[in-house]
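The first residue of the sequence shown is numbered 1, and numbering continues consecutively from there.
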Amino acid sequence: MPAASFPPPAREPGRAAQPGGGPRLDGPAARGGPGRHYKWIALSNTTLGVLMATVNASILLIALPDIFRGIGVNPLQPGNTSLLLWLIMGYIVVTAVLVVSFGRLGDMYGRVRMYNLGFAVFSVFSVMLSLTWMHGTAAALWLIVMRILQGVGGAMLMANSSALLTDAFPSDQRGLALGLNQVAGIAGSFIGLVLGGLLGPVEWHLVFLVSVPFGAFGTFWAYWKLRELGVRRPSRLDWWGNLTFGIGLIALLVGITYGIQPYGGHTMGWTSPFVIGTIAGGAAMLVLFCFVETRAAHPMFRLGLFRIRAFTAGNLASLLSSLGRGGLMFILIIWLQGIYLPRHGYAFSVTPLWAGIAMLPLTAGFLIAGPLSGWLSDHFGARPFTTGGMVVAAGSFLLLERLPVDFVYWQFALILLLNGAGMGLFASPNRAAIMNSLPAERRGVGSGMSATFQNSAMVLSIGIFFTLIIFGLASSLPSTLTHGLAAQGVPAAAAAKLAALPPVAVLFASLLGYNPVRTLLGPVIAHLPPSHAAYLTGRGFFPSLISPAFSQGLSIAFDFAIAACLIAAVASLLRGGRYVHDEHVPAAPGAMAAVAAPGATQPSPQANGRATARAQSGNDQADAARESPGANRWWTAARPAG
C-alpha cells in the first residue's frame, strides 16, 4: 500500500505517520512504511557509525610512536612537530568545520543519503590510509591528507546520526536512544586508545585497516535498511555562509593548533604574528558570517534556532562541558605515561597501551550512567540530570586535583569512574533535549550546529589544557632539569641545551611513550659513565624530575575544568522544563490541503500541485512564525510539559 494512503497527522503537512513517532516524506525510499522495529535498526546502525568515527579519532594517540617509527620520522625534531599536531588534530578540525554544512545538506537532500555517503567515504579513506607505501615526510603528509578526507566521512556520519534517531524515535524514547548512541561515541574514544596500543606494536597499518570491515558492512547495511523519514524541503545552498564559516573556523582552529607550538625564544606561539593574525582573522570572518546569515534567503546556520531556550541552553552547556573534558584525555595520558607508569615499573615503550587500560574506569562510568540517565530524562526531563551531571564532574576534577602525582591507583580509578558517570549523566539527556527542541525540518542543521560547538570546544580545550600545563612546566622545569643533569655528569653545555628546549617537547615525548631523556639527550648518553647513563634513562629520574612542575600545571588545568563544568551546570539549570517542539507548535496553515483524506477521491495532478504549493506556503509561514522575534522567545520557549 502506498505510504500516502495512511491518515496524516494534523501537525505535519504532506507527510504520513510512522510508528517511530517522527515525520517522513512520502517517496520510493519509504514505500511500505519503515516497520515496527525500524527504530532499533536505525539505532544499531547509527551507533556503529558513531563508534567507528570516534574510535578512529582517538586510536592514533596511542599508536603514534609505532606509526612514526614505521614511516621513519622523528616527530620531536625541529620542523616535525607540525606533522605530529596535524596528524592528531586534522581529523577533529575538519569534522568541526563540516558538520553544519552536512547537516544542512541532509535537511535538503535526505539525511539517510548523506549518512550512507559518509559511511562510504570513511571506508574508502580508511583503506587509503592503510595502503601508505611512502617513507619520511612524504608519508606523514600523505597520512595527514588522507586523515582529513577520512574526517569528511566522519563529519557526514556525526551530522546526521542524531537527526536520524530523532526522526525514528518518539519523543518519550529519544533520551534512551540518543543516550545509547552518545555512549557509543564516548566509549569509542577510549576503546580507540586500547586498540591503538594493541595493534600499533603488531603492525601500524592495522590501526587504519581495523575500521574497514566495519565501514564496508555499515555502508551496505545502511543502504539496505535505512529509510528516509525526515522532513525534506527544496532549498539552495548558502555559498557565502559556507565560505565565511569555513574560512573563519579553520583559521581560528589553526591558530589554536599553532599556538601551543614554540615560537622564536618563547615556550609557546601565542605571541606569533601568524597565530595572532589567524585567530583575529578567523574571529572577524565568523562575525561576518553571522551578518551574512541574517541576510541569506536560505541560511546554513539557522540563527533563529537560538530563540529556542532549550536549544540555546543545551548547546551552551555542551560547549562548556567539552571545554572542561576535551583536553582531559591528553593530560591523563601524559600523567600516566610520563610519571605514574614508569615509577611503577613499566618501561616507557609499553606505557601507551597501559595508559589506555588504566583509563577504562572512565568509560565504565559513562557506559553505566549514559543510557540510564537518557531513559530517566524521557520521563522526568533533562534538567536534573544535566545539572547534576556537571556538578558531579566538577567534584571529580576537584578530587583529581587533590590526588598526589604518584597516586594510589584504586583511588584514581574510582575518581575516573565518578567523572565518567557525571559526564554520562549530562551527555545523554542534554543531547535528547537539544534534538527534541528542534522543528522536524531543522534537525539536520540543528544537529550539525550542536556538533560544531562540541568539536570546536574540544580543539580549544586541548589548546587551553596544553597551555596551562606548559606554563606550569616553564616556571620551574629548566632550572630543575639543568641541576639534575649536571649532578649526573652531563656536560654543562649539553644540560643547558636540553633545559632550553620548549616544555612542549617534553610533553610530546611523554605523549608518544618515548624515553624523554634518552630521546632528548641523544648521543650525549654514550659519553657518560654507564651507571649515570642507566640512572638518567631509567624509570625514576625523569618522573621524579618532572613531577613538581607538572603538578603545578595540572592544578591550574583542573581549576579551569571545574569552572567550566560549574558554569555548564548553571546553563543546564536555566534550560527550563521539558520541551518538545512538535508538542508546542501548532499546525501550519493549509496543512490538511497537502494530503488527501482517507477514502476521498484522488485529486488530479494539477490539484495535487496546487495543494503542494499551499502546503509549502503554510510551511514557510510556520517557519517565519517560529523564527520571528515575537515567537518562541528564549525566556518562554521551554515551559514544563505538565
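Panel note: side chain Tyr263, backbone Tyr258; no donor-acceptor pair is recorded below 3.5 Å. The backbone N or O of Ser547 sits nowhere less than 3.5 Å from a side-chain atom of Ser551 that would complete a donor-acceptor pair. Without hydrogens or angle criteria, Ser428 side chain to Gly370 main chain gives a donor-acceptor distance under 3.5 Å. Proximity of a side-chain donor or acceptor of Ser126 to a complementary backbone N or O of Phe122 within less than 3.5 Å is detected. In this structure a side-chain-to-backbone donor-acceptor pair under 3.5 Å is missing from Asn419 to Ile415. Under the 3.5 Å distance criterion, the side-chain polar atoms of Thr452 are matched with a main-chain donor or acceptor of Ala96. In terms of modelled atom types and a separation under 3.5 Å, the side chain of Tyr91 and the main chain of Ala53 share a donor-acceptor contact. Side-chain atoms of Asp378 come within 3.5 Å of backbone N or O of Gly175 as a donor-acceptor pair. In this structure, the side chain of Thr47 does not engage the main chain of Ser44 through any donor-acceptor pair within 3.5 Å. With Ser373 contributing its side chain and Ala369 its backbone, the two residues share a donor-acceptor pair below 3.5 Å.
More than 12 non-hydrogen atoms from other residues, nucleotides or ligands lie less than 6.0 angstrom from CH2 of Trp86. For His483, the NE2 atom sits in a loose shell: 12 or fewer heavy atoms of surrounding residues, nucleotides or ligands are nearer than 6.0 Å. A 6.0 Å sphere centred on CH2 of Trp375 holds no more than 12 heavy atoms belonging to other residues, nucleotides or ligands. In the displayed structure, Phe380 atom CZ is contacted under 6.0 Å by at most 12 heavy atoms of other residues, nucleotides or ligands. Other residues, nucleotides and ligands place no more than 12 heavy atoms under 6.0 Å from the CZ atom of Arg402. Around atom CZ of Phe471, no more than 12 heavy atoms belonging to other residues, nucleotides or ligands sit under 6.0 Å away.
The side-chain heavy atoms of Phe68 and Asn80, taken from C-beta on, include no pair separated by under 4.5 Å. By the 4.5 Å heavy-atom criterion applied to side chains, Met435 and Arg174 are not counted as neighbours. Side chains of Met423 and Cys565 form a contact here, defined as non-hydrogen atoms less than 4.5 Å apart. No side-chain heavy atom of Gln454 sits less than 4.5 Å from a side-chain heavy atom of Val99.
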Does the pair Thr132 and Leu143 meet the rule for a side-chain contact (heavy atoms from CB on, under 4.5 Å), with working shown? CA-CA 7 Å; Thr132 305; Leu143 289 174; 3.2 Å; yes
Evaluate Phe208 against Ile67 for side-chain contact (heavy atoms from CB on, under 4.5 Å), listing each step before the verdict. CA-CA 10 Å; Phe208 303 112; Ile67 293 172; 4.0 Å; yes
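No side-chain N or O of Arg575 forms a donor-acceptor pair with one of Thr387 less than 3.5 Å apart.
Ring geometry, Trp335 versus Phe407: the interplanar angle exceeds 60°, so the pair is classed perpendicular (tilted spans 30 to 60°).
His344 NE2 to Tyr409 OH: the interatomic distance, rounded to the nearest 0.5 Å, is 12.0 Å.
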